[in-house]
Structures are given as C-alpha cells and as structure tokens.
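Reading through the structure tokens given below for one structure.
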Amino acid sequence: MMSSSNKTRNNFSSNNHPVCTRTNQILALILITITYFLSRTFNQYFPNNYSSSFINKSSSQDLYFINNGWPNRGFGNQLSLKIYVYEENEIDGLKELMYGRDGQITVDSCLKGQWGTQVKIHQMLLKSRFRTLKKEEADLFFVPTYVKCVRMMGGLTDKEINSTYVKVLSQMPYFRLSGGRDHIFVFPSGAGAHIFRSWPQFLNRSIILTPEGDRTDKRDTSAFNTWKDIIIPGNVDDSMTRYGASLVEPLPLSKRNFLANFLGRVQGKVGRVKLVELAKNFPNKLESPELKFSGPEKLGRKEYFEHLRNAKFCLAPRGESSWTLRFYESFFVECVPVILSDQVELPFQDVVDYSQISIKWPSTHIGPQLLDYLESIPDKEIDAMIARGRQIRCLYAYAPETEPCSAFVGIMWELQRKVRQFDQSAETYWFHNGSIINRNFVQFHKWKPPMPLP
C-alpha cells in the first residue's frame, strides 16, 4: 500500500515535469547547432577578445589568470590607471641616463639581454591607453632610464650615474610632492636599484620594478620592499615569445636526450659548481656544457635554445643574485623549471600558483638525490606541469597591451594596487581648502627647481 508521502511525491513529479516530446528534442538540437555556429563565427571575426598569442587556446581556463585572477584579489574590477611618462627632453640629465653622456647608446642595443625590460616597458607606456599627458591627473609617474645598459656599454660611470640621478630628481616637483611614492623606476638586472648608489636616500619610498628581490649592499640593505615594489619577469628573447614560428620548437619528452640541464656560466658560485660536478658524474642524465663569452665555441641564440629544450627539467640556480633568466626561458622551450635559489622572488604571485608549474629544491642539497627525485617523476605528471605552464607563460612575454595576457598587462594590474588616493611626504603640508604647501608656505604650483630632495 502506497504511503501518503509517496503519493504526494509522485503527484509533485507528474505535475511539475512535463514529458519531453520528439518535437522538443528536435527544437533543442536545432538551438544547439545554431549556438555552435554563431560562436564559431564570432570567434573568427573577433579573436582578440578571447585569445592570446601565447596561451593554449584549447583550454577553457585560458584567461583565468587575467579575467578571474587579479580582479578577485582586491585589484578592482577593471584596469583604471593614469600614468604620466616623463619626456626625455623634459628634464636636464634624463637623456644621459637613457643614451649615455655622449648620446651614443642606441635604443636597439638596449633592447637586448636582461636589461631590455627598461626599454620595453617605456615604449609600451608611450603607446598605452593608460598614459596621460597631464601631470595633475596622473595616478603614477614613470621615469624612463636605460641606465643598466648605459653602464654596461660604458656610457656612464657609477659616479656619473649617481650624480645624474640626483640632478634629475631635483627637477621634479611631483616627485617632491609625494616623496617619490607615486614614481616608478625600472632596475632590471641582478644589481637592482644598487646601480644608483644613493637609492636608500632618494628612492626609499618609490615603486621599483625589478626581477631582483634580495640583492644587498655592504650595509646588508635590500633595495626590494615587498610592500611597495614589484617583481617583474626577466627579458626573454623575443624570437622565443612571439606568436607564430619560434626560433626553436619544443621537443616531445620522448625525444629529449637528457633528464635535466644547466646552461649557464659557473662564475665560482657554489650551486653552479656543484651542478657542473654532478654533470661530470652523471653525463647521461645532466647536461652542463661550459658556456663561453666569445669565440667559436660560444653558443648562438638558436643553439642555446636547442640545448635548453633537450631536457625534461631546466635547472635554474642562483648566480650573482637570486634570479635567473633561465626560469622564464624554460616555459618557452617547455621544460619544467627547477629553482635552486632559496631567496628568489617570483612575479605575479597574486594569481600564479608556482607549485603547479615548477619545482623548488633546496640549494644546499644539490647532488645525486636531486637527479633521483627528478627521475622518479612520471612523464604524465611532467606533461601536466608543462601544460599548465603553457597556459600562463604569456605573463612572461613583453607583448603589447592589446594582448589580453602579457607581462605588461600583469605589471599594470600590480601597479593599480600601488595607487593611493592621497600621497604625502615629510615636506608637504595642506590647508583646509586643499592647498598644498611646503614648510615655507609656498604653494605647490610655485615650487621651482632645484629643490631639496626627500
């Protein structure tokens, strides 16, 4: 005998769920077919709305790190920045920090190598929708210098760099107004801001963009501050990051000759010395050729990347400083980076879970144990890590902001978090009507250089 509760349940089911007829099924199939062809047509004519040159387009999570990453972590729902970029002729001395004392250093020469980010970020900002030509409405101010390149090419000495920076800063009223808090400087090498020796006095409040998180001077003072500064990716060769044909293509795991490799100069660094010795003892597992600065044995760009792609794991030990470009290069040859640098800081940690795409191993335990561990990882898991890395490697390519995912766009998201509604310095004061004055009661719009610096 059916209970009253079962009767009630059966009646509810029959009254609220109409029978699906053959006509309903045909109409549903037609609707699905139309939706499919419309979506294919839309993607064909508007590809830039949904795809990036550097993202694996087959994944439904292609834009996770951009569209669902930063906005969900306190950065706001959209990018809304106004950045003023100082003109090279606007301030006496700025051109020297870009082209050297004689103006002989070229932009093209400074695009190469690890310091190329100084040029790329500047050039992209000049064309950016975030650029404003009005200082009074700017959220942030960008100070363009190619000083690492200039120094390496003999354009300025360390002493000249220091004095020129001080001269430049003394001519910038808005720098004085905020104590430098809303001014952006790029220092893209292992030396970081230390290339400007007086940075502790003048840039201790400014926003520093650098790949280097732990470089210290003789006073054991780090130039990187996790609250105000931003770690940026290193400058990977454009021929490996552009959409289309790359300098070299990744190899299938089955065709790679080595378990791991280390491609770098030893420079007497303990971790690197250990890797070279390890390669001598296990030549069939670990490749570590001695790289030459010059001469017939020097690896060209193509040969370098051909070696790099020939292993399942690319080892990235620290050198002169904690960061290494090999970490970023690994994603474009599709080997799993193994970080052997304990103090390393990585970019975009607000949106990237690095444990899913890389391995970090204690630098004090470089030896056979490391190779045994790497050898124990099944190819299936290696492939999965590589696939996840393929999705986010766009964040390490300095592509224009028209790309939905790039290092430049990532940096803009990080900068947005640095914007303050109000900036103050030890030398700025204000009245009830909003007037900004200095300690001598001179209103801001009347400040004239040279000015004392914070």
Side-chain angles (χ1 to χ4, degrees), residues 48-49 52 54 63-88 90-91 94 117-145 169 172-188 203 205-211 224-233 235 347-352 392 394-425 436 444:
N48 289 335
N49 290 339
S52 167
F54 310 101
L63 300 182
Y64 170 80
F65 296 101
I66 298 300
N67 292 341
N68 296 325
W70 274 291
N72 287 344
R73 286 165 169 79
F75 290 85
N77 294 322
Q78 62 182 359
L79 277 173
S80 179
L81 280 172
K82 292 183 179 180
I83 302 176
Y84 181 84
V85 182
Y86 286 98
E87 297 282 355
E88 61 184 50
E90 180 179 351
I91 300 173
L94 194 56
T117 50
Q118 284 193 316
V119 179
K120 289 182 177 179
I121 294 173
H122 178 213
Q123 291 182 336
M124 290 176 186
L125 277 173
L126 289 176
K127 301 175 182 178
S128 175
R129 69 183 188 273
F130 305 120
R131 184 188 180 193
T132 179
L133 301 179
K134 300 177 181 179
K135 291 189 181 77
E136 62 272 15
E137 70 174 19
D139 299 310
L140 300 168
F141 297 78
F142 183 83
V143 183
T145 73
L169 296 177
M172 299 160 65
Y174 278 87
F175 184 87
R176 182 67 175 170
L177 179 65
S178 68
R181 292 172 192 265
D182 53 8
H183 279 58
I184 306 164
F185 298 83
V186 183
F187 293 104
L203 303 186
R205 294 177 178 85
S206 299
I207 301 168
I208 294 174
L209 308 185
T210 178
F224 181 78
N225 183 300
T226 55
W227 182 81
K228 68 179 184 64
D229 300 326
I230 296 171
I231 292 290
I232 62 174
N235 183 38
F348 310 137
Q349 293 186 57
D350 297 285
V351 295
V352 177
I392 59 89
C394 51
L395 288 174
Y396 309 139
Y398 282 88
E401 67 186 45
T402 50
E403 293 287 343
C405 174
S406 71
F408 181 78
V409 172
I411 291 169
M412 292 302 104
W413 277 111
E414 297 290 333
L415 283 173
Q416 181 155 290
R417 203 172 213 178
K418 308 300 179 183
V419 172
R420 304 286 177 253
Q421 181 66 32
F422 185 78
D423 288 295
Q424 67 148 344
S425 73
I436 304 295
F444 173 67

Taking all non-hydrogen atoms of both residues, which atom of [X] and which atom of [Y] are closest, and how far apart?
{"X": "F348", "Y": "P233", "answer": "CE1-CG, 3.7 Å"}
{"X": "V409", "Y": "E403", "answer": "CG2-O, 3.5 Å"}
{"X": "S178", "Y": "D423", "answer": "CB-CB, 3.6 Å"}
{"X": "S206", "Y": "G180", "answer": "OG-O, 2.9 Å"}
{"X": "R205", "Y": "G179", "answer": "CB-O, 3.6 Å"}
{"X": "T117", "Y": "P188", "answer": "OG1-CB, 3.0 Å"}

Taking only residues two or more places apart in sequence, or in another chain, which ones meet [X] in a side chain to side chain contact (heavy atoms under 4.5 Å, CB included)?
{"X": "Q78", "result": "none"}
{"X": "E88", "result": "K95, M98, Y99"}
{"X": "P211", "result": "I232, W323"}
{"X": "K82", "result": "T132, E137, D139"}

All salt bridge (charged side-chain N to carboxylate O under 4.0 Å, His left out) counterparts of [X], not counting sequence neighbours:
{"X": "R420", "result": "none"}
{"X": "K418", "result": "none"}
{"X": "E414", "result": "none"}
{"X": "E136", "result": "none"}

Taking [Y]'s backbone N and O only, do any of them form a donor-acceptor pair with [X]'s side chain (distance below 3.5 Å, no angle check)?
{"X": "S406", "Y": "E401", "value": "no"}
{"X": "R131", "Y": "L126", "value": "yes"}
{"X": "R181", "Y": "Q424", "value": "yes"}

Using the test ring-ring contact (aromatic ring centres under 6.0 Å, His included), find all partners of [X] that sit at least two apart in sequence or belong to another chain.
{"X": "Y396", "value": "Y328, F331"}
{"X": "Y174", "value": "F141, F444"}
{"X": "F130", "value": "none"}

Subject >> Between CZ on residue F224 and CD1 on residue I230, distance to nearest 0.5 Å >> reply: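 One gets 8.5 Å once the value is rounded to the nearest 0.5 Å.
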**OP:** Kindly compute the distance separating CG (L125) from CD1 (I83), expressed to the nearest 0.5 Å.
**Re:**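 Reported value, rounded in 0.5 Å steps: 5.0 Å.
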Subject >> Residue list, side-chain hydrogen bond (donor to acceptor under 3.5 Å, both in side chains) with T145, at least two apart or on another chain >> reply: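 For T145 the side-chain hydrogen bond (donor to acceptor under 3.5 Å, both in side chains) partners, ignoring immediate neighbours, are Y165.
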**OP:** Look at the aromatic rings of F185 and F187 and report parallel, tilted or perpendicular, splitting at 30° and 60°.
**Re:**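 Rings of F185 and F187: parallel, as their planes differ by under 30°.
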